[in-house]
Every structure is written in structure tokens, then in C-alpha cells.
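Have a look at the structure below, then the notes.
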Amino acid sequence: MEIKTLRDKEQELIEEVLTKTDWNLEKASRLLQISLSQVKKKIREHGLNKPDEPV
């Protein structure tokens, strides 16, 4: 049985919300109930990129 870390679960949730909102950060911040700046910070922390953006 694999137990995921809180960081892993956080990343999964952020990725899921970003996908569902088509990377609309304002919508994502409302759904996650965190500020827009926190969403941007979490994206940087987890090294997330829009699917159509080059790495």
C-alpha cells in the first residue's frame, strides 16, 4: 500500500483544478479557496507548466 505525502496530494489537486479551469488562475484560486498569489506560488513550487507551454 502506497501512502502519498501531503505535498503529492496537494500537487494532484492543483493539477486537477488547473485542468478543469483550463488554467484560469482566478477560477482555480476561487475553487481552491486560496489567493491568486498562493496559486502562482504553488505552481512554481511544484514546477507545473501549462500543457501547451514549452518547459
Side-chain angles (χ1 to χ4, degrees):
M1 177 171 134
E2 179 186 342
I3 297 176
K4 295 189 178 195
T5 64
L6 183 57
R7 180 174 167 79
D8 291 340
K9 295 299 279 182
E10 178 183 66
Q11 181 174 342
E12 287 177 6
L13 178 61
I14 292 169
E15 288 175 329
E16 180 182 338
V17 170
L18 288 171
T19 300
K20 286 184 178 184
T21 61
D22 197 31
W23 278 75
N24 182 319
L25 302 185
E26 289 182 12
K27 283 184 183 178
S29 72
R30 284 194 300 274
L31 287 171
L32 293 167
Q33 297 181 3
I34 61 176
S35 69
L36 181 58
S37 62
Q38 285 178 301
V39 171
K40 291 177 181 179
K41 180 181 175 187
K42 296 294 182 184
I43 290 170
R44 283 191 307 275
E45 283 178 2
H46 292 288
L48 303 176
N49 293 305
K50 261 183 150 175
D52 58 338
E53 287 185 357
V55 176

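Atoms CD and NZ, from E45 and K40 in turn, are 14.5 Å apart once rounded to the nearest 0.5 Å. The distance from atom CG of L25 to atom CG of L18, rounded to the nearest 0.5 Å, is 6.5 Å. Atoms CG and CG, from L6 and L13 in turn, are 10.5 Å apart once rounded to the nearest 0.5 Å. To the nearest 0.5 Å, atom CG of residue L36 and atom CZ of residue R30 are 10.0 Å apart.
Looking only at distances, a side-chain donor or acceptor of N24 sits under 3.5 Å from a matching main-chain atom of E26.
For L31, the side-chain contact (heavy atoms from CB on, under 4.5 Å) partners at least two apart in sequence or on another chain are V17, T21. Contacts of D8 classified as side-chain hydrogen bond (donor to acceptor under 3.5 Å, both in side chains), with partners at least two apart in sequence or in another chain: T5. Taking the side-chain contact (heavy atoms from CB on, under 4.5 Å) definition, one finds that I34 meets it with L32, Q38, V39, sequence neighbours left out. Scanning for side-chain hydrogen bond (donor to acceptor under 3.5 Å, both in side chains) contacts around K9 gives an empty result, with sequence neighbours left out. Scanning for side-chain hydrogen bond (donor to acceptor under 3.5 Å, both in side chains) contacts around S37 gives S35, with sequence neighbours left out. Residues passing the side-chain contact (heavy atoms from CB on, under 4.5 Å) test with E16, sequence neighbours excluded: K20.
The shortest distance between side-chain heavy atoms of W23 and L48 falls below 4.5 Å.
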Pair E10, H46 - check side-chain hydrogen bond (donor to acceptor under 3.5 Å, both in side chains), show working. CA-CA 9 Å; E10 178 183 66; H46 292 288; 2.8 Å; yes
